[in-house]
Amino acid sequence: MSSFGGRMREYPWLSLDRFDRENLRARAYFLSHCHKDHMKGLRAPSLKRRLECSLKVHLYCSPVTKELLLTSPKYKFWENRIVALEVETPTQISLLDEASGEKEDIVVTLLPAGHCPGSVMFLFQGPNGTVLYTGDFRLAKGEAARMELLHSGTRVKDIQSVYLDTTFCDPRFYQIPSREECLNGILELVRSWITLSRYHVVWLNCKAAYGYEYLFTNLSEELGVKVHVNKLDMFNNMPEILYHVTTDRHTQIHACRHPRDDDYLRGNRLPCGMTSRNGTPLRIISVKPSTMWFGERTRKTNIIVRTGESSYRACFSFHSSYSEIKDFLGYIRPVNVYPNVVPMGSTADEVVKIHFLLKNQIKSPQGLELLPSLYKIPVFPTITSVSIPAPLSKCRGQKSFAVLAQKASVRGEGARVRNLISVTETLLQRKMFLLSSIEFLLSLA
DNA sequence: GCGATCAGCT
DNA sequence: CACAGCTGATCGC
């Protein structure tokens with residue numbers, strides 16, 4: 001989940017992937033991809049009002065993101081204010097300060113991010129230096145080196161700061177099987193099942209989000225069987241996807257959903273209600289795409305895991321692994337790195353993660369100083385088995401209000417975080433409370 | 001009635 | 001593990 005506040009230090013009058021609070025005063029908006037956690041405030045009345053008053057404010061995104069966004073009637077009011085920028089095409093944007101009348105030009109380039117259809121990273125070049133906002137991304141090792149627009153001539157551009165997707169930026173997620181490996185694993189599983197008979201069908205248990213489309217198109221392409229989905233009008237202008245999905249339930253591959261799809265499956269029905277063909281019951285297996293990862297030295301085991309008589313989990317990831325992030329940063333070598341994702345209120349662990357990256361991959365460790373104060377809590381060389389005092393964990397009886405991990409241990413430099421101090425965002429928002437409890441924990445170390 | 005937030009679920 | 005998102009309850013306007 002993105003916890004990026006919306007603004008970059010170098011160009012604070014631009015807002016990216018956040019549209020509430022301070023961002024209501026931005027001179028221009030950017031949307032990296034069409035996932036809800038990157039669209040906070042995008043349809044709020046306050047922003048709608050701002051738009052009505054400030055006619056020069058626009059939202060910049062890729063053509064595919066524009067298409068996906070405008071499919072929902074709730075975002076139709078943006079229609080005339082969205083500027084779709086072609087990917088990998090540097091574009092100059094003039095930003096006008098409505099108060100002072102001062103104007104500033106900046107060049108933005110969209111780079112493919114490999115996260116979901118239309119997803120991009122934004123590269124900004126302007127008077128305050130070159131910065132890269134990655135949005136969410138999955139790029140394989142070596143892909144940064146192949147991006148022409150990250151280079152000037154033969155060498156990589158000087159990048160001041162990278163605002164980084166840190167979802168799996170932890171040595172624990174050292175490797176995640178490649179897109180191709182995962183795809184092939186799923187392909188062969190699906191193939192082996194649906195070729196048994198025309199009554200053998202596969203249900204892909206996908207989350208409600210864009211990002212599985214390349215799975216659908218590849219399965220359909222390879223097997224000649226279209227994928228049943230609930231809705232496809234968002235792909236009306238994307239023939240390369242549209243061709244491979246269908247609303248006809250008479251197909252052997254389904255990715256349809258229902259709020260109680262579990263009940264449906266137990267009754268040997270698909271979430272769309274299909275239960276038989278010509279009176280012959282269906283033989284259904286479910287395949288749940290989910291992230292699987294392996295440590296630096298651990299042997300990669302199977303990409304497909306059988307979890308029940310007719311259920312499987314299959315490896316699939318929308319985000320880069322630790323080693324992919326390391327490769328990316330090691331190639332770019334920015335001066336600063338800022339995390340876009342601070343998982344579940346973790347504080348110490350984020351410091352540690354970024355610390356490792358800073359140490360190895362970037363030019364000077366200024367990044368940490370610029371992070372919000374929470375990240376500046378010093379990481380002590382040794383923290384051992386710290387228990388959370390009872391009054392904190394019992395706070396109003398709410399689980400999410402308690403400190404979740406009961407112990408924290410950080411061994412010396414170069415060591416891995418074992419058990420993290422993990423608190424929820426609820427706690428993060430109660431800053432004073434959190435700071436005092438973290439300080440308390442550290443004082444015990 | 002709507003948005004924001006949260007618990008719970010998947 | 002962590003992801004992205006939905007539903008339903010509650011609260012305030």
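Each chain gets a letter, A, B and so on, in the order its sequence line appears, and its residues count up from 1.
You'll find that the side chain of A:Phe168 is closest to C:dC3, out of B:dG3, C:dA4, C:dC3. Among the nucleotides B:dG3, C:dA4, C:dA2, the one closest to any side-chain atom of A:His319 is C:dA4. Taking every side-chain heavy atom of A:Thr167 into account, C:dA2 is the closest of C:dA4, B:dA4, C:dA2. When the nucleotides C:dC3, B:dT10, C:dC1 are ranked by their closest atom to the side chain of A:Trp293, C:dC1 comes out on top. When each of B:dA4, C:dC3, C:dG5 is scored by its nearest atom to the side-chain atoms of A:Ala44, the top-ranked nucleotide is B:dA4. Closest to the side chain of A:Ala208, from the set C:dC1, C:dG5, B:dT10, is C:dG5. Side chain of A:Lys207, nearest nucleotide from C:dA4, C:dA2, C:dG5: C:dA4. Checked against C:dG5, B:dT5, C:dA4, the side chain of A:Lys40 finds its nearest nucleotide in B:dT5.
Ranked by how close their nearest DNA chain C nucleotide is to the 5' end, A:Pro259 and A:His33 are led by A:His33. When each of A:Asp136 and A:Arg313 is assigned the nucleotide of DNA chain C bearing its nearest heavy atom, the one mapping closer to the 5' terminus is A:Arg313.
Side chains of A:Asp248 and A:His228: a donor-acceptor N/O pair is absent below 3.5 angstrom, by distance only.
The separation between A:Lys288 atom NZ and C:dC1 atom P is 12 Å, rounded to whole Å. Rounded to an integer number of Å, the gap from CG of A:Asp263 to C1' of B:dC9 is 12 Å. The nearest whole Å value for the distance from the CG atom in A:Leu204 to the C1' atom in B:dT10 is 16 Å. In this structure, A:Asn205 atom CG and C:dG5 atom C1' are separated by 13 Å, rounded to whole Å. In this structure, A:Glu213 places its CD atom 13 Å from P of C:dA4, rounding to the nearest Å. The distance between atom NE2 of A:His258 and atom P of B:dT10, rounded to the nearest whole Å, is 14 Å. Rounded to whole angstrom, the span from the CE atom of A:Met39 across to the C1' atom of B:dG3 amounts to 16 Å. C:dG5 atom P lies 22 Å from atom CZ of A:Arg260, rounded to whole Å.
Proximity of the aromatic rings of A:Phe19 and A:Tyr29 is defined here by a centroid distance below 6.0 angstrom, and this criterion is met.
Regarding contacts with the backbone of C:dC6, every side-chain N or O of A:Arg257 stays at 4.0 angstrom or more from both OP1 and OP2.
Counting heavy-atom neighbours within 6.0 Å of A:Arg21 CZ, excluding the residue itself, gives a total of 12 or less. The local environment of CZ in A:Phe77 is crowded, with over 12 non-hydrogen atoms from other residues, nucleotides or ligands closer than 6.0 Å. Counting non-hydrogen atoms of neighbouring residues, nucleotides and ligands closer than 6.0 angstrom, the NZ atom of A:Lys76 exceeds 12 such neighbours.
Nucleic acid contact class of A:His115 (heavy atoms, under 4.0 Å, all strands): sugar-phosphate only.
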